[in-house]
Amino acid sequence: METEAYLGPHDGASHARFGRTERSSVMFGPPGRTYVYFIYGMHCMFNAVTEAEGEAGAVLVRALEPLEGVDLMRARRGLEEPSGLASGPGKLTKAMGITLEQNGVSLLKGPLGIFEGLSPGSLEVERTPRIGVVEDRTAPLRFLVGGNRHVSR
DNA sequence: TGAATGATGTTT
DNA sequence: AACATCATTCAT
């Protein structure tokens, strides 16, 4: 698992840096929903909205370790090998079948209810600067599970 | 290292 | 209405 935090209007690398726009409006909405957006003309990025309504904040899920549905993910990616299925934010949405249609849907229940029935775990979490951002190059807002190879490049 | 590829927000 | 930018990926 690998994530990055994007903050509110004061975060120069966040989509919320222009305030509440059509694209970023879901970031200002209630927490526990998805924020999905289209980038580079070809990739969807998957975020979880984190902050209270009226404040902006989201966590970009950049990579994960496939535990279930590996064959389906492989089929969606069009890969023979099950390695690197979701080792990047664009790869991850393709493997998961996440598109703009899922923008703003709940993560607390339903098909994407990934926060449902979660119990706190204990993981070694490493922190590094975020990838692909030009503002705030040094802020350590990228979080990875220590020693896990299912991360982005 | 660079091309692919299109929406977004800002500037004119 | 036009432009620069972009929370990437893959092939060269």
Side-chain angles (χ1 to χ4, degrees), chain A residues 1-67 69-108 112 114-115 123-146 148-153:
Chain A
M1 180 80 159
E2 171 189 345
T3 63
E4 283 177 357
Y6 288 87
L7 315 179
H10 58 283
D11 181 355
S14 171
H15 288 174
R17 67 186 179 280
F18 303 119
R20 188 173 197 148
T21 66
E22 183 171 4
R23 176 174 66 168
S24 69
S25 66
V26 62
M27 280 186 77
F28 288 83
R33 306 221 271 226
T34 70
Y35 168 44
V36 183
Y37 66 89
F38 189 64
I39 192 74
Y40 294 120
M42 56 188 88
H43 301 295
C44 289
M45 305 282 110
F46 170 60
N47 300 251
V49 176
T50 55
E51 302 306 308
E53 177 142 28
E55 299 178 45
V59 169
L60 170 68
V61 185
R62 295 188 53 86
L64 54 79
E65 175 178 359
L67 297 177
V70 172
D71 286 340
L72 179 55
M73 297 174 76
R74 237 184 43 221
R76 289 199 181 109
R77 291 287 319 280
L79 296 177
E80 305 271 328
E81 297 295 319
S83 64
L85 278 181
S87 57
K91 302 177 188 177
L92 183 149
T93 54
K94 189 170 182 188
M96 302 278 288
I98 295 175
T99 69
L100 291 179
E101 289 185 13
Q102 276 81 50
N103 186 32
V105 308
S106 177
L107 290 165
L108 309 178
L112 278 178
I114 60 177
F115 293 148
L123 292 172
E124 289 284 322
V125 177
E126 299 175 10
R127 298 181 65 169
T128 78
R130 294 175 292 189
I131 294 179
V133 307
V134 342
E135 296 282 335
D136 277 325
R137 276 190 171 298
T138 58
L141 292 174
R142 174 171 176 253
F143 301 79
L144 328 71
V145 175
N148 192 291
R149 60 192 179 83
H150 298 269
V151 298
S152 68
R153 301 208 185 232

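Chain letters run A, B, ... following the sequence lines, proteins first and then strands; every chain starts at 1.
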Chemist: Would you name the heavy atoms of A:E53 and A:P31 that are closest together and state the gap between them?
Modeler: N-CD, 4.2 Å
Chemist: For the side chain of A:N47, starting at C-beta, report the closest nucleotide among C:dC6, B:dG9, C:dA7.
Modeler: C:dA7
Chemist: Give a yes/no verdict on base stacking between B:dA7 and A:F38: centres under 5.5 Å, planes within less than 30° of parallel.
Modeler: no
Chemist: Within this structure, what is the CZ-to-P distance between A:R20 and B:dT8, rounded to whole angstrom?
Modeler: 17 Å
Chemist: Can you tell me which nucleotide in B:dT5, C:dC6, C:dA7 comes closest to the side chain of A:M42?
Modeler: B:dT5
Chemist: Is A:R130 close enough and on-axis enough to A:F143, meaning under 6.0 Å and within 45°, for cation-pi?
Modeler: no
Chemist: State, with a plain yes or no, whether a side-chain heavy atom of A:V61 is found less than 4.5 Å away from one of A:N47.
Modeler: no
Chemist: Check every strand shown and say whether A:R62 touches a base, only sugar-phosphate, or nothing at a heavy-atom separation below 4.0 Å.
Modeler: sugar-phosphate
Chemist: For A:R153 and B:dT1, what is the distance between atoms CZ and P respectively, to the nearest whole Å?
Modeler: 15 Å
Chemist: Checking A:T128 now: which residues fulfil side chain to side chain contact (heavy atoms under 4.5 Å, CB included) with it, not counting sequence neighbours?
Modeler: A:R142, A:L144
Chemist: For the side chain of A:V134, starting at C-beta, report the closest nucleotide among C:dA7, C:dC6, C:dT9.
Modeler: C:dC6
Chemist: Under 4.0 angstrom, heavy atoms only, what part of the nucleic acid is A:R142 near: base, sugar-phosphate, or nothing?
Modeler: nothing
Chemist: Once rounded to the nearest 0.5 Å, what's the spacing between atom SG of A:C44 and atom CG of A:L100?
Modeler: 4.5 Å
Chemist: Reading DNA chain B 5' to 3', what string of ( ), [ ], | and . shows its pairs, if Watson-Crick and G-U wobble pairs count only when both distances fall under 3.5 Å?
Modeler: ||||.||||||.
Chemist: What are the two closest heavy atoms between A:E135 and A:G12, and how far apart are they?
Modeler: CG-O, 3.4 Å
Chemist: I need the OH-P distance between A:Y35 and C:dC6, as an integer number of Å.
Modeler: 14 Å
Chemist: So, is A:K94 close to the C:dT8 phosphate, meaning a side-chain N or O under 4.0 Å from OP1 or OP2?
Modeler: no
Chemist: For A:M45, report the nucleic acid contact type (base, sugar-phosphate, nothing); a contact means any heavy atom under 4.0 Å.
Modeler: sugar-phosphate
Chemist: Ring centres of A:H43 and A:F38 under 6.0 Å apart?
Modeler: no
Chemist: In whole angstrom, give the distance that lies between atom CZ of A:R77 and atom P of C:dT8.
Modeler: 15 Å
Chemist: Atom CG of A:L92 to atom C1' of C:dA7: distance rounded to whole Å?
Modeler: 13 Å
Chemist: Could you state the CZ-C1' distance from A:R17 to B:dT8, rounded to the nearest angstrom?
Modeler: 10 Å
Chemist: Side-chain donor or acceptor of A:Y40 under 3.5 Å from a matching atom on the base of B:dA4?
Modeler: no
Chemist: To the nearest Å, how far apart are A:E4 CD and C:dC6 P?
Modeler: 15 Å
Chemist: Once you round to the nearest 0.5 Å, how far does CE of A:M45 lie from CD of A:E4?
Modeler: 10.5 Å
Chemist: Does A:H15 put a side-chain nitrogen or oxygen below 4.0 Å from OP1 or OP2 of C:dA7?
Modeler: yes
Chemist: Figure out the NE2/C1' separation between A:H43 and B:dT5, and round it to whole Å.
Modeler: 9 Å
Chemist: With a 4.0 Å cutoff (strictly under), does any side-chain N or O of A:R23 reach OP1 or OP2 of B:dG6?
Modeler: no
